[in-house]
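In what follows, a single structure is set out as structure tokens and then discussed.
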Amino acid sequence: AFVREVDSSEVGDTLSTLIRHGGITAAQVQEFREAVESRCAAYAAERATPQQKDHLKELIDQMETYYRACGQGDLQFYTMELQLHTQLAKISGNPMFEWFANTFQKNVQSFNKMMAHHSGKPEEVLEDWRNFINALYRKEVTKASLIISSHISRFGKILDNAEYHQQDR
């Protein structure tokens with residue numbers, strides 16, 4: 001018998017297909033992300049090096065500079081924001097978190113488009129990341145986890161609202 005190893009790109013393709021064809025709802029994505037990324041944030045608060053913290057802060061600063069220059073939370077803004085989640089996963093020190101974040105980032109263009117069209121509150125996104133980086137610098141594990149959990153919960157509510165309005169059409 002021939003056993004073929006499954007690589008992560010095939011799993012990513014499956015995730016992408018499920019997301020694109022409605023096999024996964026925004027609520028299910030939010031629920032999963034909230035569980036995984038809040039734990040990821042806690043590990044990051046425990047394990048981040050000073051250089052990793054500084055790099056994440058630079059990415060947050062770049063996103064804020066972009067927002068202030070263009071004045072809106074557009075697709076590029078939310079793409080940059082998703083890169084912060086990927087960086088957070090990398091900082092956690094667990095390659096499984098990083099793999100998930102990379103796979104998610106590559107396959108959720110439709111969610112980013114919904115965020116850009118329906119959120120209207122990029123200031124809240126920036127505030128979450130500013131609060132998170134402050135918790136990271138202070139090694140406030142529980143606070144870091146709660147900030148990301150709340151951040152993703154808000155993401156889920158925005159996407160639920162966007163899905164509801166799309167169904168009305």
Side-chain angles (χ1 to χ4, degrees), residues 8-48 52-53 55-56 59-60 63 73-136 140-167:
S8 64
S9 66
E10 291 171 352
V11 176
D13 289 344
T14 302
L15 176 62
S16 176
T17 300
L18 286 170
I19 290 170
R20 277 195 313 260
H21 297 292
I24 296 176
T25 67
Q28 290 167 327
V29 170
Q30 179 265 329
E31 182 179 87
F32 181 80
R33 285 186 69 205
E34 195 171 337
V36 171
E37 290 192 49
S38 62
R39 191 65 224 146
C40 180
Y43 286 133
E46 292 172 355
R47 300 172 179 168
Q52 289 171 322
K53 293 173 190 178
H55 180 66
L56 186 64
L59 294 175
I60 295 166
M63 186 174 72
D74 63 3
L75 184 57
Q76 177 61 30
F77 176 84
Y78 286 102
T79 300
M80 294 171 82
E81 200 267 336
L82 197 53
Q83 290 171 353
L84 293 175
H85 287 273
T86 303
Q87 188 63 35
L88 173 62
K90 185 175 184 177
I91 292 170
S92 78
N94 184 321
M96 287 300 298
F97 289 138
E98 189 174 356
W99 171 83
F100 168 74
N102 282 322
T103 300
F104 187 77
Q105 181 180 0
K106 289 175 189 171
N107 294 292
V108 294
Q109 196 70 1
S110 60
F111 288 137
N112 273 354
K113 287 178 183 173
M114 278 194 270
M115 290 297 292
H117 288 39
H118 295 280
S119 77
K121 299 195 179 181
E123 296 89 3
E124 289 180 358
V125 171
L126 290 167
E127 183 179 351
D128 287 345
W129 283 104
R130 287 279 172 223
N131 290 336
F132 177 77
I133 195 66
N134 289 334
L136 202 66
E140 296 173 328
V141 174
T142 302
K143 186 173 184 179
S145 178
L146 290 173
I147 290 166
I148 292 299
S149 179
S150 172
H151 174 77
I152 293 172
S153 178
R154 187 177 328 106
F155 159 87
K157 289 174 186 163
I158 291 166
L159 292 181
D160 282 345
N161 188 39
E163 280 186 340
Y164 175 77
H165 288 298
Q166 283 184 336
Q167 290 172 358

Kindly check if the number of other-residue, nucleotide or ligand heavy atoms within 6.0 Å of CD (Gln28) is above 12? yes

Kindly say whether Gly93 contributes a backbone atom to a donor-acceptor pair with the side chain of Arg47 at under 3.5 angstrom? no

Does the side chain of His151 come within less than 4.5 Å of His85's, by heavy atoms? yes

Using modelled atom types only, decide if a donor and an acceptor are shared between the side chain of Ser153 and the backbone of Ser150 within a distance under 3.5 Å. no

Working note: Ile152 + Phe32, criterion side-chain contact (heavy atoms from CB on, under 4.5 Å); need CA distance, chi angles, decisive distance, verdict. CA-CA 10 Å; Ile152 293 172; Phe32 181 80; over 6 Å; no

What verdict does the side-chain contact (heavy atoms from CB on, under 4.5 Å) test give for Trp99 and Asn102, after you've listed the backbone C-alpha separation in whole Å, the side-chain angles of each residue and the deciding distance to 0.1 Å? CA-CA 5 Å; Trp99 171 83; Asn102 282 322; 5.9 Å; no

Spatial distance of atom CG (Leu56) from atom CG (Leu88) [nearest 0.5 Å]: 7.0 Å

Kindly indicate whether a cation-pi arrangement holds for Arg39 with Tyr43, taking the cut-offs as under 6.0 Å to the six-membered ring centre and within 45° of the axis. yes

Could you grab the distance from atom NZ of Lys121 to atom CG of Leu126, nearest 0.5 Å is fine? 14.0 Å

I'd like to know if the side chain of Thr79 and the backbone of Leu75 have a donor-acceptor N/O pair within less than 3.5 Å. yes

Roughly how far apart are His55 NE2 and Gln87 CD, rounded to 0.5 Å? 4.0 Å

Do Arg33 and Phe100 come within less than 4.5 Å of each other through their side chains, counting heavy atoms only? yes

Pair Phe132-Ile60, side-chain contact (heavy atoms from CB on, under 4.5 Å): steps then yes or no: CA-CA 10 Å; Phe132 177 77; Ile60 295 166; 5.7 Å; no

Would you check if the side chain of Ser38 reaches a backbone N or O of Ile148 as a donor-acceptor pair within less than 3.5 Å? no

List the steps and the verdict of side-chain contact (heavy atoms from CB on, under 4.5 Å) for Ile91 and Lys53. CA-CA 8 Å; Ile91 292 170; Lys53 293 173 190 178; over 6 Å; no

Under the salt bridge (charged side-chain N to carboxylate O under 4.0 Å, His left out) rule, collect the residues that match up with Glu81, sequence neighbours excluded. none

Those residues at least two apart in sequence (or on a different chain) that pass side-chain hydrogen bond (donor to acceptor under 3.5 Å, both in side chains) with Glu46 are none

Hey, does Leu59 have a side-chain heavy atom less than 4.5 Å from the side chain of Gln83? no

